[in-house]
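Below is one structure; the comments refer to it alone.
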Protein chains: 2
Amino acid sequence: MSAATDLLFRTLADPTRRAIFERLCREGEQTVGALTARSGVSQPAVSKHLGALKQAGLVRDRHEGRQTHYSAQPGALNPLIDWTSQMAGFWQNRLDALDDLLKRMDQ
Amino acid sequence: MSAATDLLFRTLADPTRRAIFERLCREGEQTVGALTARSGVSQPAVSKHLGALKQAGLVRDRHEGRQTHYSAQPGALNPLIDWTSQMAGFWQNRLDALDDLLKRMDQ
DNA sequence: CTTACCCATAACCCTACAGTTATGAATTAA
DNA sequence: TTAATTCATAACTGTAGGGTTATGGGTAAG
(Lines give C-alpha, C1' and ligand atoms only; values in the text may rest on other atoms or scores of the structure.)
Protein backbone atom coordinates (compact mmCIF):
# COMPACT_ATOMS: atom_id res chain seq x y z
CA MET A 1 0.00 0.00 0.00
CA SER A 2 2.38 2.70 -1.27
CA ALA A 3 1.78 6.23 -0.06
CA ALA A 4 2.49 7.66 -3.50
CA THR A 5 -0.06 5.35 -5.12
CA ASP A 6 -2.60 6.25 -2.48
CA LEU A 7 -2.11 9.98 -3.05
CA LEU A 8 -2.36 9.51 -6.81
CA PHE A 9 -5.66 7.65 -6.65
CA ARG A 10 -7.10 10.13 -4.18
CA THR A 11 -6.03 13.09 -6.28
CA LEU A 12 -7.33 11.70 -9.57
CA ALA A 13 -10.63 10.53 -8.09
CA ASP A 14 -12.25 13.96 -8.39
CA PRO A 15 -13.66 14.48 -11.91
CA THR A 16 -13.13 18.24 -11.98
CA ARG A 17 -9.52 17.82 -10.95
CA ARG A 18 -8.97 15.00 -13.41
CA ALA A 19 -10.46 17.14 -16.18
CA ILE A 20 -7.98 19.92 -15.39
CA PHE A 21 -5.10 17.46 -15.54
CA GLU A 22 -6.41 16.05 -18.83
CA ARG A 23 -6.54 19.49 -20.37
CA LEU A 24 -2.98 20.18 -19.31
CA CYS A 25 -1.91 16.88 -20.87
CA ARG A 26 -3.78 17.51 -24.13
CA GLU A 27 -3.12 21.19 -24.63
CA GLY A 28 0.02 21.87 -22.68
CA GLU A 29 0.79 24.73 -20.31
CA GLN A 30 -2.14 26.93 -19.23
CA THR A 31 -2.73 29.87 -16.93
CA VAL A 32 -5.16 29.64 -14.03
CA GLY A 33 -7.49 32.02 -15.84
CA ALA A 34 -7.59 29.89 -18.98
CA LEU A 35 -8.24 26.76 -16.94
CA THR A 36 -10.96 28.47 -14.94
CA ALA A 37 -12.75 29.69 -18.07
CA ARG A 38 -13.88 26.22 -19.15
CA SER A 39 -13.85 24.37 -15.82
CA GLY A 40 -17.39 25.08 -14.68
CA VAL A 41 -16.25 26.09 -11.20
CA SER A 42 -14.93 29.26 -9.59
CA GLN A 43 -11.34 30.46 -9.76
CA PRO A 44 -10.60 29.64 -6.11
CA ALA A 45 -11.85 26.10 -6.71
CA VAL A 46 -9.46 25.74 -9.66
CA SER A 47 -6.60 27.10 -7.58
CA LYS A 48 -7.30 24.53 -4.88
CA HIS A 49 -7.41 21.70 -7.42
CA LEU A 50 -4.13 22.88 -8.89
CA GLY A 51 -2.65 22.88 -5.40
CA ALA A 52 -3.74 19.28 -4.90
CA LEU A 53 -2.38 18.24 -8.30
CA LYS A 54 0.90 19.93 -7.49
CA GLN A 55 1.19 18.19 -4.14
CA ALA A 56 0.70 14.87 -5.92
CA GLY A 57 3.49 15.83 -8.32
CA LEU A 58 1.12 15.79 -11.29
CA VAL A 59 1.72 19.41 -12.29
CA ARG A 60 4.42 22.06 -12.16
CA ASP A 61 3.86 25.80 -11.81
CA ARG A 62 5.80 28.65 -13.34
CA HIS A 63 5.27 32.26 -12.29
CA GLU A 64 5.42 34.99 -14.90
CA GLY A 65 4.35 38.41 -13.82
CA ARG A 66 0.97 38.16 -12.24
CA GLN A 67 0.02 34.96 -13.97
CA THR A 68 0.85 31.43 -12.97
CA HIS A 69 1.32 28.84 -15.69
CA TYR A 70 0.67 25.20 -14.91
CA SER A 71 1.85 22.20 -16.92
CA ALA A 72 1.34 18.45 -16.61
CA GLN A 73 4.08 16.23 -15.24
CA PRO A 74 3.04 12.84 -16.65
CA GLY A 75 6.00 11.03 -15.08
CA ALA A 76 4.01 11.23 -11.88
CA LEU A 77 1.65 8.65 -13.36
CA ASN A 78 4.30 5.95 -13.09
CA PRO A 79 3.15 4.57 -9.71
CA LEU A 80 -0.30 4.20 -11.24
CA ILE A 81 1.11 2.28 -14.19
CA ASP A 82 3.17 0.10 -11.85
CA TRP A 83 0.20 -0.69 -9.63
CA THR A 84 -2.01 -1.57 -12.57
CA SER A 85 0.50 -3.90 -14.20
CA GLN A 86 1.17 -5.49 -10.83
CA MET A 87 -2.52 -6.28 -10.41
CA ALA A 88 -2.72 -7.63 -13.94
CA GLY A 89 0.49 -9.57 -13.29
CA PHE A 90 -0.87 -11.31 -10.21
CA TRP A 91 -3.81 -12.42 -12.23
CA GLN A 92 -1.60 -13.70 -15.03
CA ASN A 93 0.50 -15.63 -12.51
CA ARG A 94 -2.56 -17.36 -11.16
CA LEU A 95 -3.64 -18.18 -14.68
CA ASP A 96 -0.22 -19.68 -15.35
CA ALA A 97 -0.39 -21.70 -12.15
CA LEU A 98 -3.76 -23.03 -13.16
CA ASP A 99 -2.39 -23.86 -16.57
CA ASP A 100 0.49 -25.77 -15.00
CA LEU A 101 -1.88 -27.66 -12.76
CA LEU A 102 -4.05 -28.66 -15.66
CA LYS A 103 -1.03 -29.83 -17.62
CA ARG A 104 0.22 -31.91 -14.71
CA MET A 105 -3.22 -33.41 -14.23
CA ASP A 106 -3.29 -34.25 -17.91
CA GLN A 107 -0.30 -36.53 -17.69
CA MET B 1 -14.61 12.05 -19.43
CA SER B 2 -15.80 8.43 -19.70
CA ALA B 3 -18.31 7.27 -17.11
CA ALA B 4 -16.51 3.94 -16.72
CA THR B 5 -13.20 5.66 -16.05
CA ASP B 6 -14.87 7.95 -13.56
CA LEU B 7 -16.42 5.04 -11.67
CA LEU B 8 -13.11 3.18 -11.66
CA PHE B 9 -11.16 6.08 -10.17
CA ARG B 10 -13.84 6.74 -7.58
CA THR B 11 -14.02 3.08 -6.60
CA LEU B 12 -10.26 2.60 -6.32
CA ALA B 13 -9.70 5.83 -4.43
CA ASP B 14 -10.56 4.33 -1.05
CA PRO B 15 -7.53 2.53 0.46
CA THR B 16 -9.55 -0.10 2.31
CA ARG B 17 -11.43 -1.00 -0.84
CA ARG B 18 -8.27 -1.01 -2.93
CA ALA B 19 -6.60 -3.31 -0.37
CA ILE B 20 -9.47 -5.78 -0.69
CA PHE B 21 -9.14 -5.74 -4.46
CA GLU B 22 -5.37 -6.22 -4.18
CA ARG B 23 -5.81 -9.26 -1.97
CA LEU B 24 -8.24 -10.78 -4.42
CA CYS B 25 -5.74 -10.19 -7.23
CA ARG B 26 -2.82 -11.64 -5.27
CA GLU B 27 -4.47 -14.56 -3.56
CA GLY B 28 -7.49 -15.34 -5.73
CA GLU B 29 -11.03 -16.07 -4.66
CA GLN B 30 -11.96 -15.37 -1.02
CA THR B 31 -15.05 -15.51 1.16
CA VAL B 32 -16.36 -12.41 2.87
CA GLY B 33 -15.30 -13.84 6.24
CA ALA B 34 -11.71 -14.38 5.09
CA LEU B 35 -11.55 -10.87 3.67
CA THR B 36 -13.03 -9.36 6.83
CA ALA B 37 -10.52 -11.17 9.06
CA ARG B 38 -7.56 -9.09 7.88
CA SER B 39 -9.29 -5.95 6.68
CA GLY B 40 -9.28 -3.95 9.90
CA VAL B 41 -12.95 -3.01 9.52
CA SER B 42 -16.26 -4.66 10.33
CA GLN B 43 -18.00 -7.28 8.20
CA PRO B 44 -20.76 -4.91 7.01
CA ALA B 45 -18.09 -2.45 5.90
CA VAL B 46 -16.40 -5.18 3.87
CA SER B 47 -19.74 -6.16 2.34
CA LYS B 48 -20.35 -2.58 1.29
CA HIS B 49 -16.89 -2.32 -0.27
CA LEU B 50 -17.45 -5.56 -2.14
CA GLY B 51 -20.74 -4.18 -3.40
CA ALA B 52 -18.98 -1.09 -4.71
CA LEU B 53 -16.25 -3.17 -6.34
CA LYS B 54 -18.88 -5.36 -7.95
CA GLN B 55 -20.78 -2.37 -9.32
CA ALA B 56 -17.54 -1.14 -10.89
CA GLY B 57 -17.08 -4.56 -12.48
CA LEU B 58 -13.87 -5.17 -10.55
CA VAL B 59 -15.09 -8.34 -8.79
CA ARG B 60 -17.46 -11.25 -9.35
CA ASP B 61 -19.39 -13.10 -6.66
CA ARG B 62 -20.29 -16.76 -6.46
CA HIS B 63 -22.72 -18.11 -3.87
CA GLU B 64 -22.03 -21.46 -2.29
CA GLY B 65 -24.23 -22.47 0.62
CA ARG B 66 -24.15 -19.71 3.16
CA GLN B 67 -20.86 -18.25 1.98
CA THR B 68 -20.22 -15.82 -0.83
CA HIS B 69 -16.94 -16.11 -2.70
CA TYR B 70 -15.50 -13.03 -4.41
CA SER B 71 -12.84 -12.96 -7.11
CA ALA B 72 -11.06 -10.16 -8.97
CA GLN B 73 -12.00 -9.31 -12.54
CA PRO B 74 -8.84 -7.55 -13.73
CA GLY B 75 -10.21 -6.90 -17.20
CA ALA B 76 -12.17 -4.10 -15.57
CA LEU B 77 -8.88 -2.23 -15.22
CA ASN B 78 -8.69 -1.71 -18.97
CA PRO B 79 -10.29 1.76 -18.96
CA LEU B 80 -7.69 2.78 -16.41
CA ILE B 81 -4.88 1.51 -18.61
CA ASP B 82 -6.40 3.26 -21.62
CA TRP B 83 -6.75 6.57 -19.80
CA THR B 84 -3.18 6.43 -18.50
CA SER B 85 -1.64 5.65 -21.87
CA GLN B 86 -3.76 8.36 -23.45
CA MET B 87 -2.40 10.93 -21.00
CA ALA B 88 1.15 9.74 -21.59
CA GLY B 89 0.43 9.78 -25.32
CA PHE B 90 -0.67 13.41 -25.36
CA TRP B 91 2.51 14.32 -23.62
CA GLN B 92 4.60 12.35 -26.10
CA ASN B 93 2.82 14.02 -29.01
CA ARG B 94 3.65 17.43 -27.66
CA LEU B 95 7.25 16.36 -27.18
CA ASP B 96 7.34 15.19 -30.78
CA ALA B 97 5.83 18.48 -31.96
CA LEU B 98 8.47 20.38 -30.03
CA ASP B 99 11.14 18.15 -31.53
CA ASP B 100 9.84 18.87 -35.02
CA LEU B 101 9.79 22.58 -34.33
CA LEU B 102 13.38 22.52 -33.11
CA LYS B 103 14.46 20.57 -36.16
CA ARG B 104 12.75 23.01 -38.49
CA MET B 105 14.31 25.94 -36.68
CA ASP B 106 17.67 24.24 -37.03
CA GLN B 107 17.59 24.34 -40.80
C1' DC C 1 -37.01 -28.08 15.51
C1' DT C 2 -33.62 -25.38 17.38
C1' DT C 3 -29.32 -23.37 17.31
C1' DA C 4 -25.31 -21.46 15.25
C1' DC C 5 -23.16 -19.39 11.42
C1' DC C 6 -22.46 -16.34 7.18
C1' DC C 7 -23.59 -12.54 4.79
C1' DA C 8 -26.44 -8.37 3.29
C1' DT C 9 -29.17 -4.47 4.39
C1' DA C 10 -30.96 -0.61 7.25
C1' DA C 11 -30.33 3.29 10.01
C1' DC C 12 -27.43 6.28 11.86
C1' DC C 13 -23.08 9.22 12.86
C1' DC C 14 -19.26 11.88 11.67
C1' DT C 15 -15.51 13.38 9.09
C1' DA C 16 -13.26 14.72 4.67
C1' DC C 17 -13.57 17.69 1.18
C1' DA C 18 -15.41 20.15 -2.98
C1' DG C 19 -17.73 24.19 -3.56
C1' DT C 20 -18.84 28.98 -2.39
C1' DT C 21 -17.95 34.23 -1.21
C1' DA C 22 -14.81 37.57 0.65
C1' DT C 23 -10.46 39.40 0.74
C1' DG C 24 -5.62 40.45 0.21
C1' DA C 25 -0.87 40.34 -2.10
C1' DA C 26 1.53 41.13 -6.20
C1' DT C 27 1.91 42.89 -10.70
C1' DT C 28 0.56 45.75 -14.68
C1' DA C 29 -1.85 49.66 -16.79
C1' DA C 30 -3.74 54.47 -16.83
C1' DT D 1 -0.63 57.27 -7.55
C1' DT D 2 -4.63 55.11 -8.65
C1' DA D 3 -7.09 51.54 -10.74
C1' DA D 4 -7.49 47.08 -12.72
C1' DT D 5 -6.01 42.36 -13.21
C1' DT D 6 -4.45 37.73 -11.65
C1' DC D 7 -4.05 34.46 -8.44
C1' DA D 8 -3.94 32.42 -3.59
C1' DT D 9 -5.76 32.03 0.95
C1' DA D 10 -9.24 32.28 4.65
C1' DA D 11 -13.58 31.14 6.45
C1' DC D 12 -17.62 28.89 5.95
C1' DT D 13 -21.32 25.50 4.18
C1' DG D 14 -23.30 21.28 2.47
C1' DT D 15 -22.94 16.77 1.21
C1' DA D 16 -21.04 12.31 -0.20
C1' DG D 17 -19.60 8.38 1.73
C1' DG D 18 -16.98 5.30 5.01
C1' DG D 19 -17.49 3.72 9.55
C1' DT D 20 -20.40 1.73 13.18
C1' DT D 21 -24.30 -1.26 15.57
C1' DA D 22 -28.58 -3.73 14.96
C1' DT D 23 -31.09 -6.94 12.55
C1' DG D 24 -32.97 -10.34 9.35
C1' DG D 25 -32.77 -14.02 5.65
C1' DG D 26 -30.78 -18.16 4.24
C1' DT D 27 -28.08 -22.28 5.09
C1' DA D 28 -25.75 -25.87 7.83
C1' DA D 29 -25.28 -28.34 12.11
C1' DG D 30 -27.05 -30.49 16.67
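To find a chain, count down the sequence lines: A is the first, B the second, and so on, and within it residues start at 1.
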query: Given C:dT20, D:dT6, D:dG19, which nucleotide is nearest the side-chain atoms of B:Thr16?
result: D:dG19
message: If I take atom CG from residue B:Leu7 and atom CG from residue B:Leu12, how far apart are they, to the nearest 0.5 angstrom?
response: 9.0 Å
task: With heavy atoms under 4.0 Å as the rule, sort A:Thr36 into base, sugar-phosphate or nothing.
output: nothing
message: Nearest whole Å is fine: how far is D:dT9 P from A:Lys54 NZ?
response: 8 Å
message: At less than 4.0 Å, is any side-chain N or O atom of A:Tyr70 found next to OP1 or OP2 of D:dA8? Yes or no.
response: yes
field: For A:Phe9, ring pair (Phe, Tyr, Trp, His ring centres under 6.0 Å) partners two or more places apart
entry: A:Trp83
message: My understanding is that only one of A:Leu24, A:Thr11, A:Leu50 makes a side-chain contact (heavy atoms from CB on, under 4.5 Å) with A:Leu58; could you say which?
response: A:Thr11
- request: Using atom CD of B:Glu64 as one end and atom C1' of D:dG26 as the other, report the distance to the nearest whole Å.
  value: 15 Å
- request: Would you list the pairs meeting side-chain hydrogen bond (donor to acceptor under 3.5 Å, both in side chains) in which at least one residue belongs to residues 39-52 of chain A, sequence neighbours left out?
  value: A:Arg17-A:His49, A:Gln43-A:Ser47
message: I'd like to know if B:Lys48 reaches the base of D:dG19 with its side chain such that a donor and an acceptor end up less than 3.5 angstrom apart.
response: yes
Residue whose closest nucleotide on DNA chain C lies nearer the 5' end, A:Ser42 versus A:Gly65: A:Ser42
- prompt: Roughly, in whole Å, what's the span from NE2 in A:His49 to P in C:dA18?
  reply: 6 Å
field: Comparing A:Ala52 and B:His69 on DNA chain C - which has the more 5′ nearest nucleotide
entry: B:His69
- line: B:Leu50 atom CG is separated from C:dT9 atom P, nearest whole Å, by 11 Å
- request: Round to a whole Å and report the spacing from CG of A:Asp14 to C1' of D:dT15.
  value: 14 Å
task: Grab the CG-C1' distance between B:Asp61 and C:dC7 for me, whole Å please.
output: 11 Å
message: I want to verify a distance call: between D:dA8, D:dT6, C:dC7, whose nearest atom is closest to the B:Thr68 side chain?
response: C:dC7
query: Just checking A:Gln43: base, sugar-phosphate only, or nothing, at a heavy-atom cut-off of under 4.0 Å?
result: base
- prompt: Nearest-Å distance, CZ (B:Arg17) to C1' (D:dA16)?
  reply: 12 Å
message: To check you understand the geometry: which heavy-atom pair defines the closest contact between B:Gln30 and B:Ala34, and what is its length?
response: OE1-CB, 3.7 Å
statement: Atom NE2 of B:His63 and atom C1' of C:dC5 are separated, to the nearest Å, by 17 Å
message: Base of D:dT6, side chain of A:Arg66 - is there a donor-acceptor contact under 3.5 Å?
response: no
